[in-house]
Colleague: 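One structure, pasted below without further comment.
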Amino acid sequence: MQFKAPKGTRDFFPDDMVLRRWIMKQWDDVSLRNGFVEYDGPIFEDLDLYRVKSGDEIVDQLFHFTDRGGRGLAIRPEMTPTLARMIAVRANALPKPIKWYSQPRLCRAERPQRGRLREFFQWNVDIIGESSEIADAECIFVLIDFMRKVGLSPEHVEVKLNSRAIVSALLDAAQISIQQQSAVYAALDKRDKLSAEAFEALLAKIDLNTSQKNILAQFADACDADGLDRIAEFLRESSVATEGCDAVRRVLDLLDAFGVGGYCRFDMGVVRGLAYYTGIVFEAFGKGGLKRAVGGGGRYDRLIEDMGGPTIGAVGFATSDVVLADLLNEFDRLPSQECELDFFVIDADPSVFETVLHVTASLRERGMSAVFSYQRQGVGKQFKQAAAKNANRVVIVEADIASTRKISVKDMAHSKQATLELDAFLADPMQQIE
RNA sequence: GUGGCUGUAGCUCAACGGUUAGAGCACCGCGCUGUGAACGCGGGGAUACGGGUUCGAUUCCCGUCGGUCGCCCCA
């Protein structure tokens, strides 16, 4: 019986592991240099933790099970409920703003597609306890800081932002009923994937009247500063909308001050799927063939309270290793394999093999990485192995080591070789080879 | 979960329904007993799985599984 990895999961062979580690190291580096600290929680949680926010429908999207005590549990499909739970416990004791990040392994029982698997790693960045736009802007900056660090410029990736306040004020102004609003949100979210006709057909299905459709058609594709001004003008009676527009402008100004304004613009088409966002929302998009958001987030000022915590505002985003690897691959920004082996120790003659082991062990004891060939074969063959392993240096244990105490060291990159006293070499293994 | 497309070696691809399913790259061995390349020779390794049609199936049909695209969903 042969088994393969379950649907939507991945095996990480060593080469894949190099990539995964590299991506997560970028997440760590960027988070830390932006002043975030890491947290984590359990890989499974109480099933009800996910029901609170999303209702019972969420249950079939989860991998869930019952333990022997009859408790309903679920493998975590997202990190925010865990974060909210943890914040609720200590919110009053933590200095504000709380800047936390995490890189959880998550599972969702979805149909896998490109960029979307059943098991993946996510980078979560959240700022809690700060309601000014500075937090929104810094959050977006962190995402862009990552993009910059991995070599993606505004020609490769862009961040679109909007405010839920603007969207809901526009729907109110169009007198769209509460019952219809969530369908309209979904339609707006899809707007830039659809033709104008297909968008209109979608609106028709929601059963909007002509003037409602006209209002939406007029503003749904606003995607720059002018569009924002037009909306602000149209909604100038609404204080909610005016504040929302001002908030978007302030965030864009702050991002300019951060030096990353070139990545960012307003876009009415970004509303984000679910209901808990309350203010700024944003999504990063690749500008190549990958038609998919590569990261997104927004402000959620009531969620922590809804989940039993204190009344405290928050803003955050998430992105996944799967979609980032696709994006980096598309623009040829994946890292090349680096040399990681310090020494390859070879024998000039099979009779000195035990000295090979001694030298190897001594190098390892000094903190160097060192390996040797399992087969006793010619010097040429052993050199081939050393080259295949990307060894920095090759140590040749000479056949007359017992009497001369001498070894040779070759610097592979510069192709320079010297013969040294074994003890002198071990005293300073990385010494210059002339 | 649902519909379309798809599945040949670790990877990229061949093979009219017909001999023992081929090749490149990769891997292993040898040429090669003092230095990484190149080359040459040799080797292992595949029709995803299960049925059906047929004298004969990698090829045609059905189912399962996986991948992928769209829908649902996107936390």
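The sequence lines fix the lettering, A, B, ..., with proteins before strands; numbering per chain opens at 1. All of these numbers come straight from a predicted model, not from anything done at the bench.
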Colleague: As a test of reading the structure: which of B:rC69, B:rA75, B:rU35 is closest to the side chain of A:Gln417, going by heavy atoms?
Modeller: B:rU35

Colleague: Among B:rA75, B:rG36, B:rG66, which nucleotide sits nearest the side chain of A:Gln61?
Modeller: B:rA75

Colleague: How many whole angstroms separate atom CG of A:Asp306 from atom P of B:rA75?
Modeller: 17 Å

Colleague: Kindly point out which of B:rA75, B:rU68, B:rG34 is positioned nearest to the side chain of A:Ala348?
Modeller: B:rG34

Colleague: Any donor-acceptor pair under 3.5 Å linking the side-chain atoms of A:Gln179 with those of A:Ser177?
Modeller: yes

Colleague: Taking only the C1' atom of each, what is the distance from B:rA26 to B:rG63 in whole angstrom?
Modeller: 36 Å

Colleague: Using the P atoms only, state how far B:rC41 lies from B:rA48, rounded to an integer number of Å.
Modeller: 31 Å

Colleague: When you match A:Gln375 and A:Gly115 each to their closest nucleotide on RNA chain B, which lands nearer the 5' end?
Modeller: A:Gln375

Colleague: Please classify the nucleic acid contact of A:Glu398 as base, sugar-phosphate, or nothing, using heavy-atom distances under 4.0 Å.
Modeller: base

Colleague: Under 6.0 Å between ring centres: does that hold for A:Phe317 and A:Trp123?
Modeller: yes

Colleague: Could you measure between the two C1' atoms, the one in B:rU58 and the one in B:rA46, and give it in whole Å?
Modeller: 10 Å

Colleague: From the options A:Arg105, A:Arg116, A:Arg10, select the one residue that forms a salt bridge (Lys or Arg N to Asp or Glu O under 4.0 Å) with A:Asp321.
Modeller: A:Arg10

Colleague: Determine, for A:Asp189 against A:Arg272, whether the closest basic-nitrogen to carboxylate-oxygen distance falls under 4.0 angstrom.
Modeller: no

Colleague: What's the closest nucleotide to the side chain of A:Phe383 if the choices are B:rA75, B:rG36, B:rG67?
Modeller: B:rG36

Colleague: RNA chain B: A:Val379 or A:Pro81, which has the more 5' nearest nucleotide?
Modeller: A:Val379

Colleague: Report yes or no: is there a donor-acceptor pair, N or O only, under 3.5 Å between the side chain of A:Gln382 and the base of B:rG36?
Modeller: no

Colleague: Rounded to the nearest Å, what distance is computed from the CD1 atom of residue A:Ile75 to the P atom of nucleotide B:rA75?
Modeller: 20 Å

Colleague: Would A:Phe343 and A:Phe425 count as a close aromatic pair, with their ring centres under 6.0 Å?
Modeller: yes

Colleague: What's the CG-P distance between A:Asn329 and B:rC11, to the nearest Å?
Modeller: 16 Å

Colleague: Identify whether NZ of Lys or CZ of Arg in A:Arg191 sits under 6.0 Å from the centre of the six-membered ring of A:Phe199 and within 45° of that ring's axis.
Modeller: yes

Colleague: Between B:rC72 and B:rA23, how many Å separate the two P atoms, rounded to a whole number?
Modeller: 48 Å

Colleague: Describe the nucleic acid contact of A:Met412 in one word from base, sugar-phosphate, nothing, applying a heavy-atom distance below 4.0 Å.
Modeller: base

Colleague: Base, sugar-phosphate or nothing for A:Gly8? Non-hydrogen atoms, less than 4.0 Å.
Modeller: sugar-phosphate

Colleague: Could you tell me whether A:Arg71 and A:Asp67 make a salt bridge, using a distance below 4.0 angstrom between a side-chain N and a carboxylate O?
Modeller: yes

Colleague: Without decimals, in angstroms, what is the distance between A:Lys389 NZ and B:rC27 C1'?
Modeller: 12 Å

Colleague: One thing to verify: whether A:Glu45 and A:Arg85 come together as a salt bridge, which I'm taking to mean a side-chain N less than 4.0 angstrom from a carboxylate O.
Modeller: yes

Colleague: Donor-acceptor pair under 3.5 Å: do we get one between A:Lys7's side chain and the base of B:rG67?
Modeller: no

Colleague: Mind calculating the distance between CG (A:Asp60) and P (B:rC72) to the nearest angstrom?
Modeller: 16 Å

Colleague: Suppose you measure atom P in B:rC55 against the same atom in B:rU12; what distance do you get, rounded to whole Å?
Modeller: 37 Å

Colleague: I need the minimum non-hydrogen distance between A:Pro429 and A:Ala427, along with the two atoms involved.
Modeller: CD-C, 3.9 Å

Colleague: From C-beta outward on A:Lys4, which listed nucleotide comes closest to its side chain: B:rG66, B:rC72, B:rU68?
Modeller: B:rG66

Colleague: Quickly work out the A:His414 NE2 to B:rU35 C1' distance and round it to whole Å.
Modeller: 18 Å

Colleague: If I pick the C1' atom on B:rA57 and the same atom on B:rU47, what distance separates them, to the nearest angstrom?
Modeller: 11 Å

Colleague: Measure distances between side-chain N and O atoms of A:Arg376 and base N and O atoms of B:rU33, and say whether any donor-acceptor pair falls under 3.5 Å.
Modeller: no

Colleague: From the options B:rA75, B:rA37, B:rG34, select the nucleotide whose nearest atom is closest to the side chain of A:Lys384.
Modeller: B:rA37

Colleague: Find the distance A:Gln377:CD to B:rG34:C1' and express it as a whole number of Å.
Modeller: 13 Å

Colleague: Are any of A:Arg272's side-chain N or O atoms less than 4.0 Å away from OP1 or OP2 of B:rC74?
Modeller: no

Colleague: Under 6.0 Å from the six-membered ring centre of A:Phe285 and within 45° of its axis: does the NZ or CZ of A:Lys160 meet both?
Modeller: yes

Colleague: Among B:rC72, B:rG29, B:rA75, which nucleotide sits nearest the side chain of A:Ile58?
Modeller: B:rA75

Colleague: Once you apply a heavy-atom cut-off of 4.0 Å, does A:Ile396 come out as touching a base, just sugar-phosphate, or nothing?
Modeller: base

Colleague: Categorize A:Leu106 for me: base, sugar-phosphate, or nothing, with a 4.0 angstrom heavy-atom threshold over every strand shown.
Modeller: nothing

Colleague: Quick check: any donor-acceptor pair below 3.5 Å linking the side-chain of A:Arg108 to the base of B:rA75?
Modeller: yes

Colleague: Quote, to the nearest angstrom, the P distance that separates B:rG44 from B:rG29.
Modeller: 15 Å

Colleague: Would you mind telling me which of B:rC71, B:rU35, B:rU2 lies closest to the side-chain atoms of A:Arg111?
Modeller: B:rU2

Colleague: Establish, for the pair A:Arg164 and A:Tyr277, whether the NZ or CZ atom is under 6.0 angstrom from the six-membered ring centre and no further than 45 degrees off its axis.
Modeller: no

Colleague: Between P on B:rC74 and CZ on A:Phe285, what's the gap in Å once rounded to a whole number?
Modeller: 15 Å

Colleague: Taking only the P atom of each, what is the distance from B:rG4 to B:rC61 in whole angstrom?
Modeller: 14 Å

Colleague: Taking the side chain of A:Tyr277 as heavy atoms from C-beta outward, which of B:rA75, B:rU35, B:rG67 is closest to it?
Modeller: B:rA75

Colleague: Among B:rA75, B:rG34, B:rG67, which is the nearest nucleotide to the side chain of A:Glu110?
Modeller: B:rA75

Colleague: How would you label the contact of A:Lys381 with the nucleic acid (heavy atoms, under 4.0 Å): base, sugar-phosphate, or nothing?
Modeller: sugar-phosphate

Colleague: Dot-bracket for RNA chain B, 5' to 3', with Watson-Crick and G-U pairs under 3.5 Å, [ ] for crossing pairs and | for other-strand pairs: what is it?
Modeller: (((((((..((((....[...)))).(((((.......)))))....(((((..]....))))))))))))....

